[in-house]
Amino acid sequence: MRASPARPLPGASSLNFESLGLKAALLRAVREQRYDTPTPVQLEAIPAILGGEDILAAAQTGTGKTAGFTLPILQRLTATLSPRSRFRPVRALILVPTRELALQVSESVRTYGAHVPIRSTTIYGGVGMSPQLNALGAGCDIVVATPGRLLDHLGRKSIDLSQVEILVLDEADRMLDMGFIHDIKRVLAHLPPQRQNLLFSATFSDAIRALADRLLNRPRLIEVARRNSPAEKVEQIVYRVDRGRKTDLLAELIHRGNWKQVLVFTRTKHGASKLAQKLERARVTATAIHGNKSQAARTRALSSFKQGKVRVLVATDIASRGLDIDGLPHVVNFELPHVAEDYVHRIGRTGRAGASGEAVSLVCVDETRLLREIEKLLTRRLPARELAGFEPDPKARPQPIVQRTGRGASRARPNPMGYASPIHGSGSRRRRSAGNVRRVD
Ligand code: AMP
């Protein structure tokens, strides 16, 4: 969790946490985080969840949504905790799409739950089973899990979800994009029908609406900060460059600007590793984070980046999802994403919590169409520049963008649009670009 004084998130209200009905032990944890005012999503979600309502929230990472559901869950579980019972059943299940997000949410549960006697554990793949089996065996009130590993545990009966009172689906859109719908349905079959359900999603595709219809009981709708209006404080710049000169240009920009912490996006896992190696050769310390790496390697890469031991973290879209890096000043799109919305997700890594940030896109002639799609989504042109010595060849011909095969490469995203449309939106934008977009990671 953040160590520095918290800046008010955009739109923070003058209402304070005390007025939301949270108990002293939780207010103390909030104070320790030095949050002055609740964010809009917290203002709406905390009282509703405390009141036992189901929630359908359009809230992206960076809005304070994690505290928005964690604090009231901690309060509800503490209120009915039976101190004498030796057995601690799982009473809240938080499902998330990625291991990184699982770790982050768990950290939030620990931070906000520092002064309440609630036990939690994290269940995710890519690591050994034993510590998770031990933690589950010891009993815990809250489980934060990715669907695949949770099903492994359900299969071997090392977890019992029959006492779950509260279910959270965090970043539900991403879970569907990653093909988790069947896993989610299988998990749901293990839950008791009577429970509180909280669904958080940045986008509202038809698939999410269908899931919400099935899952939620007269939910309270909460909508904050639309995803297609990136943080105003993010300065967005396009550098036009030849495809073969992007690495040199990136190294030059980093050296010239003396950039200390840069998150760079590539389209493929292979591209991420290759770019990190090339940057190292250009005397820029760099590491890559993507789905082919072991969990230990991903955690190591992320922590050296957060601690400033490496200047550049190269990531694919899926690997970067939900990353919360305080005060990240620079995001670079080494390659533009195939799906315009991913651009908004990417640049949302900077300029968070009211900080200013810079998002640079290196665009070659092959990517003109992708840039147009992004500008259409943003409803504005992005300022384009050329750096002296790196001017693109005006005679260069576009080449098709080669997509590597790999897990997820052949899967069309079910509905890549959505966050342009509010919960009750017309869906026209969704229809417009719901093409056969393929994702590569
Ligand atoms: P999230 O949207 O849950 O990923 O939270 C984004 C960031 O906002 C995290 O670093 C939180 O520590 C921070 N945060 C959450 N609530 C507040 C608040 N009320 N005031 C300031 N920062 C906050």
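This is a predicted model, so every value here is computed, not measured. In what follows, residues are counted from 1 in the order of the sequence shown.
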Q) If you count the non-hydrogen atoms of other residues, nucleotides and ligands that lie under 6.0 Å from CZ in R186, is the total more than 12? A) no
Basic-acidic side-chain contact under 4.0 Å: [X], [Y]:
X: R220; Y: E53; answer: yes
X: D342; Y: R174; answer: yes
X: E100; Y: R298; answer: yes

Q: Mind running side-chain contact (heavy atoms from CB on, under 4.5 Å) on F69 and D170 for me, showing each step along the way?
A: CA-CA 10 Å; F69 64 76; D170 192 14; 3.9 Å; yes
Q.
Taking G308's backbone N and O only, do any of them form a donor-acceptor pair with R311's side chain (distance below 3.5 Å, no angle check)?
A.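 No, R311 side chain to G308 backbone: no donor-acceptor pair under 3.5 Å.
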Q. Side chain of E373, backbone of V339: donor and acceptor closer than 3.5 Å?
A.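 Checked: no pair found.
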Q) Using 30° and 60° as the class limits, which term best fits the ring planes of W259 and H330: parallel, tilted or perpendicular? A) parallel
Q: Kindly indicate, with the supporting measurements, whether the criterion side-chain contact (heavy atoms from CB on, under 4.5 Å) is fulfilled by T39 and T63.
A: CA-CA 7 Å; T39 65; T63 53; 5.5 Å; no
Q: Would you check, one step at a time, whether the test side-chain contact (heavy atoms from CB on, under 4.5 Å) holds for I73 with L198?
A: CA-CA 10 Å; I73 288 177; L198 316 174; 4.1 Å; yes
Q: For L161 and V187, run side-chain contact (heavy atoms from CB on, under 4.5 Å): C-alpha distance rounded to whole Å, both residues' side-chain angles, the deciding distance at 0.1 Å, then the answer.
A: CA-CA 9 Å; L161 298 178; V187 171; 4.2 Å; yes
Kindly compute the distance separating [atom1] ([X]) from [atom2] ([Y]), expressed to the nearest 0.5 Å.
X: L77; Y: R88; atom1: CG; atom2: CZ; value: 9.5 Å
X: I49; Y: R76; atom1: CD1; atom2: CZ; value: 9.5 Å
X: L167; Y: L215; atom1: CG; atom2: CG; value: 6.0 Å
X: I374; Y: Y343; atom1: CD1; atom2: OH; value: 6.5 Å

(Q) For T80 and R91: C-alpha separation, side-chain torsions, deciding distance, then whether side chain to side chain donor-acceptor pair (under 3.5 Å) applies. (A) CA-CA 10 Å; T80 48; R91 295 169 61 207; 2.4 Å; yes
Q. With E367, which of R372, R243, R267 fulfils salt bridge (Lys or Arg N to Asp or Glu O under 4.0 Å)?
A. R267
Q. Quick check, are the ring centers of F334 and F265 under 6.0 angstrom apart?
A. no
Q) Closest heavy-atom contact between A212 and L199? A) CA-CD1, 4.2 Å
